[in-house]
Engineer: 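My structure is below; once you've seen it, I'll send some questions.
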Amino acid sequence: MRTFDYVTATDVTTALRTVAERPGAKFLGGGTNLVDLIRENVERPDVVVDVTRLPLTGIDELPGGGVRVGAGVRNSALAAHPLVRTRYPVLSQAVLNGASAQLRNMATVGGNLLQRTRCPYFYDTASPCAKREPGSGCGALGGITRDAAILGVSEHCVATHPSDMAVALAALDAVVEVESIRGTRRVPVLELYRPPGDTPHVETVLERDELITAVELPAADAAPRSRYRKVRDRASYAFALVSVAAALRLDGDTIVDARVALGGVAPLPWRAAEAERLLVGAPATEETFARAAEAELAAATPQHDNAFKVELARRTIVATLRELQEHAAAGSAA
Amino acid sequence: MTSTHNTTREPVVGAPVDRVDGPAKTTGAARFAAEHDLAGLTHAALVTATVSRGRITGIDTSAAEALPGVVAVLTHHNAPKLNPPKRVSPVNMSTMVSGTQVNYLNTDEVHWDGQPVAVVVAEHSHAAREAAALVEVTYERLPATVDFAAELPNAVLDKGNMLMPTGAKKGDADAALAAAPVVVDSEYSTPQHHHNAIEPHATTAVWHGDELAVHDATQNMAWLRAHLALRFGVPEAKVRVLAPFVGGGFGGKGFAWPGVILAVLAARATGRPVRLSLTREDVYRTVGARTPSTQRVALGAGRDGKLTALVHTAVTRKSPVGGQPEPAVTPANHLYGAANIRTGQSSVTLDWIPNTAVRAPGDAIGSFALESAIDELAYELGADPIELRMRNEPERNPIDGKKFSHRMLREAYELGAHRFGWADRSPEPGTTRDGRWLVGTGVATAYHPQLRLTANVTVRLAADGSVTVRSGLHEIGVGAATVQAQIAADALGVPFDAVHVECGDSALPEGAMAGGSMQTSSVAASVLAACRKLTRRLDTLARRSGTAGRTPAEIVAAAKVPYIEAAVGSDTRIGKAAGQARFMARTARDMRRWQKAACGAHFCEVRVDADTGEVRVSRWTGAFDVGRVMNRKTAVSQLRGGIVMGIGMALTEEAHVDPRSGRIMNPSLSGYHVPVHADIPPIDIAYLDEPDPTMPLGLLGIGEVGITGVAAAVANAIHNATGKRLRDLPITPAKLL
Amino acid sequence: MAEVRLRVNGADRRLDIPPQVSLLDALREHLGLPGTKKGCDQGACGACTVLADGERINACLALTVQYADREITTIEGVDHPLQEAFVRHDGFQCGYCTSGQICSAIGMLAEHKDGMPSAVSEDPAAEGEELTDEEIRERMSGNICRCGAYNGVVEAVAEVVR
């Protein structure tokens with residue numbers, strides 16, 4: 001593990017200025033990803049600026065029914081908050097399905113959004129990886145790609161985004177508030193991430209010195225009827241093979257609002273817009289769910305050893321929507 | 001044992017006694033190999049090769065050496081000379097202990113991806129690790145053979161030996177198979193498994209002149225001591241290995257892998273005490289694993305279910321630089337009374353670190369194939385899988401007609417079936433559903449042969465009534481000290497609390513390695529013999545002093561001696577040679593006379609998500625014939641532990657090896673999935689508690705039998721739940737779609 | 001080098017260490033408290049679990065400097081009925097994951113008392129759910145036991161809860 005300078009900031013301006021002034025500086029949240037990556041010589045910052053003591057730990061109701069979550073809120077605090085549990089159960093579930101309780105007690109909301117891929121070739125400094133070392137190629141292609149992405153990949157990178165939380169935020173149309181010494185801007189989560197293209201090392205639209213300070217959850221009628229389903233190799237404490245964040249609002253048997261986002265299958269949290277388009281206005285049936293899932297996955301480009309993810313994603317989407325539909329039916333019957 | 005002294009207390013053998021090391025382990029007081037603080041201690045880190053075969057053409061250590069706190073960077077240019085390991089010899093079993101035949105840091109040759117090529121020594125671990133990353137190594141790559149699947153056509157038949165037979169034959173199994181009215185003939189495969197003891201291998205080494213003391217995470221102090229003496233050219237008596245606590249082994253700490261050798265080397269080179277704590281990645285790359293395998297099981301049977309032919313062949317991997325073949329086909333020699341049997345084992349040679357024993361080597365993976373095939377045959381015949389097994393349950397060892405020393409598999413199935421509720425099972429696959437879950441049940445046989453080593457022991461009885469058992473046995477989590485204290489307490493008729501077991505130190509009388517399910521029985525035999533001797537001495541004393549009928553403490557006190565002591569075995573050179581000769585003679589005699597094994601019946605219920613193929617093991621009963629149980633609490637834990645590891649093997653565990661490079665790509669506990677709490681249901685353990693008459697106290701070793709058959713029981717239950725037959729481990733959701 | 005003041009098991013400790021030193025290495029290597037174990041150094045096993053102001057964390061991914069002025073409790077500072085329950089129910093074999101299991105269980109009981117839901121809680125909005133065995137297993141899944149003493153751990157925790 002390379003040594004570095006450590007700076008702790010207690011106000012946002014100081015944190016922003018320090019990172020802006022020092023080219024090798026990075027923000028440090030709970031450390032659950034960055035500390036690991038520094039130890040593995042994947043990340044090599046000269047300075048880390050600890051942002052966990054900034055006053056960014058509030059969870060507040062917004063006028064109009066939305067909720068604003070400070071970027072320094074720990075994952076466990078987010079999952080446990082009554083506003084999140086009642087209005088956005090999909091978000092609480094997604095967070096609780098990620099990592100372990102210990103890691104959720106450490107990890108921050110901002111850090112979770114910016115965590116980096118778990119692709120083994122990214123982690124292994126003896127392997128080529130264009131995300132780690134631009135231009136070095138992709139070690140995964142033709143190698144072990146069981147966990148690789150099937151949607152939105154490029155010939156330079158097939159790594160997945162590992163966050164569960166971000167998948168729920170993508171489904172909820174959350175907006176990220178970003179600050180730098182140049183001011184504040186708002187970026188929808190869906191626009192935060194960049195597809196790998198030929199620059200897989202550029203993962204988000206953020207500048208190096210921009211800090212996520214908050215996430216805003218808009219009020220959403222469908223959100224209370226939402227669900228996160230994660231399929232992984234063991235029952236807990238593992239990254240997703242496929243995950244689905246979904247919300248449905250029905251009028252009788254007709255779907256009037258649908259949100260579907262996928263995890264474990266793409267370089268970024270994948271909003272299933274095509275599936276949603278086919279769901280809205282259609283009857284809430286198994287056939288509709290299957291048609292929507294298939295349409296979304298028609299563009300999938302799996303590798304030699306992860307074709308199963310296409311079928312697994314299809315089935316998990318259908319199962320999650322079915323569960324929501326059955327829940328709604330049971331609720332209206334009661 | 002009859003004695004004149006007072007032995008009226010309740011026996012503690014068999015009782016669910018708490019572990020004697022419980023308080024140390026639950027308060028953080030237990031000290032493991034990396035936790036010994038020595039004056040002037042330094043910390044080491046490894047640099048490992050990133051090519052599978054080649055030569056080192058350059059090592060630039062300047063950046064590493066320039067880092068503050070770095071004491072030394074050792075490479076093949078400047079490392080002290082090491083004697084090469086000896087070739088394995090059957091007359092000196094300690095020669096088996098060398099993990100590989102490579103002379104680390106004494107050669108520029110690289111034999112596997114992960115071979116250590118440099119060691120950094122620094123004042124603190126963070127500096128050592130930072131410096132290790134700064135060492136620049138260049139290689140000339142040589143052609144390497146690393147792809148197991150691609151190499152299968154080049155497999156060569158293995159030659160076995162007495163301890164590890166690799167094949168056997170009875171009748172003409174192939175002809176019988178061709179003639180059989182009912183045949184199943186299937187291929188099975190298992191991936192590379194890693195031990196993943198939660199304590200990574202660690203060594204703290206210190207030299208005083210030519211005397212060496214090593215705190216090491218080892219299952220095998222005596223052989224390690226002999227090996228270190230050989231490699232470093234000092235007499236064995238000058239080497240002391242200490243391992244009072246070892247954080248799990250499962251076979252991974254049975255041999256001397258590069259870490260311990262290089263820690264001792266670094267201590268010699270720097271003249272400072274050195275601690276080398278492997279990173280988790282180092283453990284994956286520098287310690288052998290369980291070989292991948294492909295296996296064929298072909299069964300021929302009559303319509304009545306009687307087996308006429310049993311063929312089990314396997315291909316595993318071996319290394320050009322040492323190791324043993326993995327005897328995957330041996331269960332087929334012992335389990336079923338087929339009229340014709342053929343078993344055979346082949347290997348492909350890959351440029352890989354040698355394989356090593358992982359819990360129940362051979363039997364764990366061989367039983368997956370065999371016990372899956374039996375289930376396939378039962379389904380084919382429309383027979384109940386237990387009934388089919390019982391129809392073929394042999395009276396004598398199938399392959400050679402030897403007697404069983406003891407075998408109660410039939411009773412184990414009866415006991416397990418009752419507890420599990422097997423009678424309620426629906427035999428038709430895919431017919432039981434609970435909401436989103438498809439529910440199924442399956443069984444499989446557990447089987448693990450028994451061997452016993454020699455072990456030297458002294459037992460001392462003091463005038464205050466305390467008893468001290470001294471033996472270099474290993475407390476790797478099996479409850480060894482607790483169980484031996486129970487045995488000594490009963491043998492001497494003293495309270496359990498009066499007995500203290502000293503272990504984990506090669507300065508003690510030489511014990512037995514903790515491996516092959518051998519330690520408890522090996523040491524127990526000697527503890528019993530020593531206690532018999534001691535009792536005779538006590539009786540003599542009692543007669544002389546007229547204290548017959550009094551407690552042992554009173555007898556010793558009345559004799560006005562501080563203690564009396566009895567020893568079994570001798571640690572002199574001649575004594576050890578005699579012990580080795582006794583072991584060889586007894587093993588040969590035992591093997592001629594009878595087939596001896598622990599066995600059992602696994603009953604498993606799984607739930608398979610109908611959409612996603614996620615498998616959850618929801619219920620388990622294991623009913624075992626493990627001879628007489630020494631400690632109900634620790635025995636249950638150990639059997640459960642084997643089942644937990646078997647569930648991992650069934651569902652999640654697999655090293656991902658890049659077939660192009662031979663490099664493990666998931667060398668971590670986040671990438672290699674061992675079971676977590678949420679994967680494991682309550683596991684019901686039952687045992688018959690019937691002694692094996694040929695074993696000390698009738699006990700059988702239980703460290704490994706638990707894992708055998710588990711993966712098959714899970715796969716068979718998955719078939720019952722879904723109708724899908726999975727023959728390739730692990731059974732991930734991907735394979736169930 | 002950075003000077004860090006920590007409170008560990010109720011005592012004030014001062015350290016001069018570079019910022020990259022993890023809390024785990026600080027405890028084991030610099031403060032003479034090796035009861036907290038290193039199993040992976042990657043946040044993937046839970047052996048290093050300690051309590052920071054009563055919350056369970058993985059000390060391997062915690063930079064010591066980030067925990068200045070926090071109250072750290074390691075197994076050496078624990079005095080809890082769980083310890084005897086672990087012995088009674090044989091919730092360990094080799095003992096290497098045990099410090100982490102016990103610290104984690106203590107943190108878990110506090111979380112549950114505070115109403116923290118888990119991934120297996122039926123309805124994340126529901127409060128005061130019972131700590132069933134299934135809940136204990138999910139909530140303790142960040143602590144791997146390779147010896148497979150999971151049943152004993154769950155029994156020990158359940159005994160202390162109920």
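Everything quoted here is computed from the prediction, not taken from an experiment. By convention in this document, chain letters (A, B, ...) are assigned in the order of the sequence lines, proteins followed by strands, and residues within each chain are numbered from 1.
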Engineer: How far apart are the C-alpha atoms of C:Glu71 and C:Asn9, what are their side-chain angles, what is the distance that settles it, and do they pass the side-chain hydrogen bond (donor to acceptor under 3.5 Å, both in side chains) test?
Structural biologist: CA-CA 7 Å; C:Glu71 177 74 48; C:Asn9 299 331; over 6 Å; no

Engineer: Of the listed residues (C:Gly43, C:Gly115, C:Ala126, C:Ser104), which shares the most heavy-atom pairs with chain A below a 4.5 Å separation?
Structural biologist: C:Gly43

Engineer: Checking A:Arg87 against chain C: side chain, backbone, both or neither under 4.5 Å from a heavy atom?
Structural biologist: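 The answer is neither part of A:Arg87.
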
Engineer: Less than 4.0 angstrom from a charged side-chain N to a carboxylate O is my criterion; do A:Lys230 and A:Asp164 meet it?
Structural biologist: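 A salt bridge links A:Lys230 with A:Asp164.
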
Engineer: Between A:Ala168 and A:Ala94, which heavy-atom pair has the shortest distance, and what is it?
Structural biologist: CB-CB, 3.7 Å

Engineer: Non-hydrogen atoms of chain A under 4.5 Å away: do they reach the side chain of C:Pro18, the backbone, both or neither?
Structural biologist: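 For C:Pro18, the side chain is the part near chain A, not the backbone.
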
Engineer: Could you tell me whether the side chain of A:Tyr88 and the main chain of A:Leu217 form a donor-acceptor pair under 3.5 Å?
Structural biologist: yes

Engineer: Identify which of A:Ser76, A:Ala77, A:Ala99 forms the greatest number of heavy-atom pairs closer than 4.5 Å to chain C.
Structural biologist: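 Heavy-atom pairs under 4.5 Å are most numerous for A:Ser76.
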
Engineer: Measure C:Arg139 against the heavy atoms of chain A and call it side chain, backbone, both or neither at under 4.5 Å.
Structural biologist: backbone

Engineer: If you look at every heavy atom in C:Thr64 and C:Leu23, which pair is closest and at what distance?
Structural biologist: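 So the two residues come closest at OG1-N, 3.2 Å.
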
Engineer: The test is salt bridge (Lys or Arg N to Asp or Glu O under 4.0 Å); show your working for C:Glu111 and C:Arg56 and say whether it passes.
Structural biologist: CA-CA 9 Å; C:Glu111 286 164 13; C:Arg56 49 180 168 161; 2.7 Å; yes

Engineer: Using a 4.5 angstrom heavy-atom cutoff, name the option from C:Cys60, C:Pro117, C:Gly46 with the most pairs to chain A.
Structural biologist: C:Pro117

Engineer: In terms of heavy-atom pairs under 4.5 Å, which option from A:Ser100, A:Pro82, A:Ser92, A:Ala101 contacts chain C the most?
Structural biologist: A:Ala101

Engineer: Let me see the working for C:Thr74 and C:Glu76 under side-chain hydrogen bond (donor to acceptor under 3.5 Å, both in side chains), right down to the final yes or no.
Structural biologist: CA-CA 5 Å; C:Thr74 71; C:Glu76 288 94 342; 2.7 Å; yes

Engineer: For chain C, find which of A:Leu28, A:Asp5, A:Val48, A:Thr8 contributes the most heavy-atom pairs closer than 4.5 angstrom.
Structural biologist: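 Max contact count across the listed options: A:Leu28.
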
Engineer: For C:Asp41, is it the side chain, the backbone, both or neither that has a heavy atom under 4.5 Å from a heavy atom of chain A?
Structural biologist: both

Engineer: Answer with side chain, backbone, both or neither: which region of C:Cys45 has an atom nearer than 4.5 Å to a non-hydrogen atom of chain A?
Structural biologist: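 Backbone only.
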
